[in-house]
Trainee: 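Supplied in structure tokens, the structure appears directly below.
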Amino acid sequence: MAVCLGNGTDSGYEIVSGNNVKDKELLARHPLLSKLSGEVIWMLFEEEGVDASNIDSFFDHFGRMLRETVALMRRLLDPDDAGAAFFRIQQRPELVALAGDVPACSTCGALSGLVIPTTEFDFLPWLPPYSLGCRMYASSVPAAEAVAARMPSAGTPVPTIRLVCESGWIFHADWSSLLEK
């Protein structure tokens with residue numbers, strides 16, 4: 001289980017506090033995030049020739065995304081939080097813009113807008129991200145809004161988890177541009 005990603009500073013690569021055991025336990029349940037380490041991510045970017053400052057910028061974005069995901073997981077797994085019975089999978093507008101002309105992968109295209117009930121089946125395999133560079137995120141949806149939403153039907157396959165988005169767009173993006181907004 002690798003959740004302490006790097007040098008231990010908030011602006012560096014420690015994404016979830018090393019002292020927060022509960023957050024580490026939550027991440028250990030996520031199909032992708034439970035398998036990552038800062039060193040592996042850094043090496044993937046280095047192998048693609050990405051410069052260190054752009055890798056730092058990616059980690060800044062990744063840290064924000066990870067903290068958002070952990071906060072949502074806390075809500076979704078809280079039996080006392082009646083407002084967290086559903087979540088919607090959608091694309092992050094800033095990542096769609098950053099990816100430019102690179103189309104979304106087949107996973108993202110099929111899942112965008114889908115609402116997942118958290119009480120009917122194991123929802124964690126449905127919780128984005130599905131890869132490094134995944135454009136998808138989840139947000140809780142009120143039950144009244146979820147009733148009319150598109151939900152997975154019986155037999156809908158669980159999203160495929162990959163180490164890196166199949167398009168590889170993350171290695172060619174200017175991650176520092178997200179910091180300027």
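In what follows, every heavy atom counts, from backbone to side chain, and hydrogens, waters and symmetry copies are set aside. For the single chain, residues carry numbers from 1 onward in sequence order. For clarity, every value in this text was computed on a predicted model and none was experimentally measured.
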Trainee: Relative to the ring of Phe58, is the ring of Trp175 parallel (under 30°), tilted (30 to 60°) or perpendicular (over 60°)?
Mentor: perpendicular
Trainee: Spell out, yes or no, whether Met43 and Phe171 are grouped together once hydrophobic residues are joined by side-chain heavy atoms under 4.5 Å, including indirect joins.
Mentor: no
Trainee: Show, in sequence, the C-alpha distance, side-chain angles and deciding distance for Glu48 and Ile170, and conclude whether the side chain to side chain contact (heavy atoms under 4.5 Å, CB included) test is met.
Mentor: CA-CA 10 Å; Glu48 293 293 326; Ile170 65 169; over 6 Å; no
Trainee: Flag the pair Arg135 and Glu94 as a salt bridge only when some basic side-chain nitrogen lies within less than 4.0 angstrom of an acidic carboxylate oxygen.
Mentor: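 Looking at Arg135 and Glu94, the cut-off is not met.
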Trainee: Side chain to side chain contact (heavy atoms under 4.5 Å, CB included) for Phe87 and Leu76? Distances and angles first, verdict last.
Mentor: CA-CA 8 Å; Phe87 66 88; Leu76 296 173; 3.7 Å; yes
Trainee: Between Cys165 and Cys134, is the side chain to side chain contact (heavy atoms under 4.5 Å, CB included) condition met? List the steps.
Mentor: CA-CA 6 Å; Cys165 178; Cys134 183; 5.9 Å; no
Trainee: Closest heavy-atom contact between Pro152 and Trp126?
Mentor: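 Taking Pro152 first and Trp126 second, the nearest heavy atoms are CB-CH2, 4.0 Å.
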Trainee: Report the distance from atom OG of Ser34 to atom CG of Leu26, rounding to the nearest 0.5 Å.
Mentor: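 Rounded to the nearest 0.5 Å, the OG-CG separation comes out at 12.0 Å.
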Trainee: Does the Ser112 side chain pair with the main chain of Cys108, one donor and one acceptor, at a distance under 3.5 Å?
Mentor: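 Looks like no, no N/O pair under 3.5 Å.
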Trainee: Would you call Glu25 and Arg29 a salt bridge, taking side-chain N to carboxylate O under 4.0 Å as the test?
Mentor: no
Trainee: Do Val40 and Lys35 come within less than 4.5 Å of each other through their side chains, counting heavy atoms only?
Mentor: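 They are not in side-chain contact.
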Trainee: Could you tell me whether the side chain of Lys22 reaches within less than 4.5 Å of the side chain of Arg74, counting heavy atoms only?
Mentor: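 SC-SC contact between Arg74 and Lys22 ruled out.
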Trainee: Below 4.5 Å, heavy atoms only, C-beta onward: do Leu124 and Met73 meet side chain to side chain?
Mentor: yes
Trainee: Hey, does Phe62 have a side-chain heavy atom less than 4.5 Å from the side chain of Leu36?
Mentor: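 They are in side-chain contact.
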Trainee: Which distance, rounded to the nearest 0.5 Å, do you find between the CD1 of Ile116 and the CG of Leu127?
Mentor: 9.5 Å
Trainee: What's the separation between atom NE2 in His61 and atom OG in Ser176, rounded to the nearest 0.5 Å?
Mentor: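 Between atom NE2 of His61 and atom OG of Ser176 there are 13.5 Å.
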Trainee: If you define the side chain from C-beta out and look only at heavy atoms, does anything of Leu163 sit under 4.5 Å from Ser131?
Mentor: no
Trainee: Can you tell me if Tyr137 and Gln90 form a side-chain donor-acceptor pair at under 3.5 Å?
Mentor: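 Distance-only check passes for Tyr137 and Gln90.
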Trainee: Any donor-acceptor pair under 3.5 Å linking the side-chain atoms of Ser139 with those of Arg88?
Mentor: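 Looking only at side-chain atoms, Ser139 and Arg88 do not form any donor-acceptor pair under 3.5 Å.
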Trainee: Do Leu77 and Leu32 share a hydrophobic cluster (ILVMFWY, side-chain heavy atoms under 4.5 Å, transitive)?
Mentor: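 Hydrophobic grouping puts Leu77 with Leu32.
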Trainee: State, with a plain yes or no, whether a side-chain heavy atom of Glu46 is found less than 4.5 Å away from one of Val50.
Mentor: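 In short, these two side chains do not touch, never coming nearer than 4.5 Å.
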Trainee: Got a second to check how far Tyr130's OH is from Arg162's CZ, nearest 0.5 Å?
Mentor: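 These two atoms lie 12.5 Å from each other.
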Trainee: Same cluster or not: Leu111 versus Val158, using hydrophobic residues (I, L, V, M, F, W, Y) connected whenever any side-chain heavy atoms lie under 4.5 Å apart?
Mentor: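 Same cluster.
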Trainee: Taking the side chain as C-beta and beyond, is there a heavy-atom pair between Leu27 and Asp23 under 4.5 Å?
Mentor: no
Trainee: How far does CE of Met136 sit from CD1 of Ile89, to the nearest 0.5 angstrom?
Mentor: 6.0 Å
Trainee: For Ser140 and Arg75, work out which heavy atoms get closest and say how close.
Mentor: OG-NH1, 2.8 Å
Trainee: Are Thr118 and Phe86 side-chain neighbours, meaning at least one heavy-atom pair lies under 4.5 Å?
Mentor: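 In short, these two side chains do not touch, never coming nearer than 4.5 Å.
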Trainee: Hey, could you give me the CZ/CG distance between Arg64 and Asp60, rounded to the nearest 0.5 Å?
Mentor: 6.0 Å
Trainee: Evaluate Trp169 against Asp101 for side chain to side chain contact (heavy atoms under 4.5 Å, CB included), listing each step before the verdict.
Mentor: CA-CA 10 Å; Trp169 74 273; Asp101 295 338; over 6 Å; no
Trainee: So which heavy atom on Val141 is nearest to which on Ala146, and how close?
Mentor: CG1-N, 3.9 Å
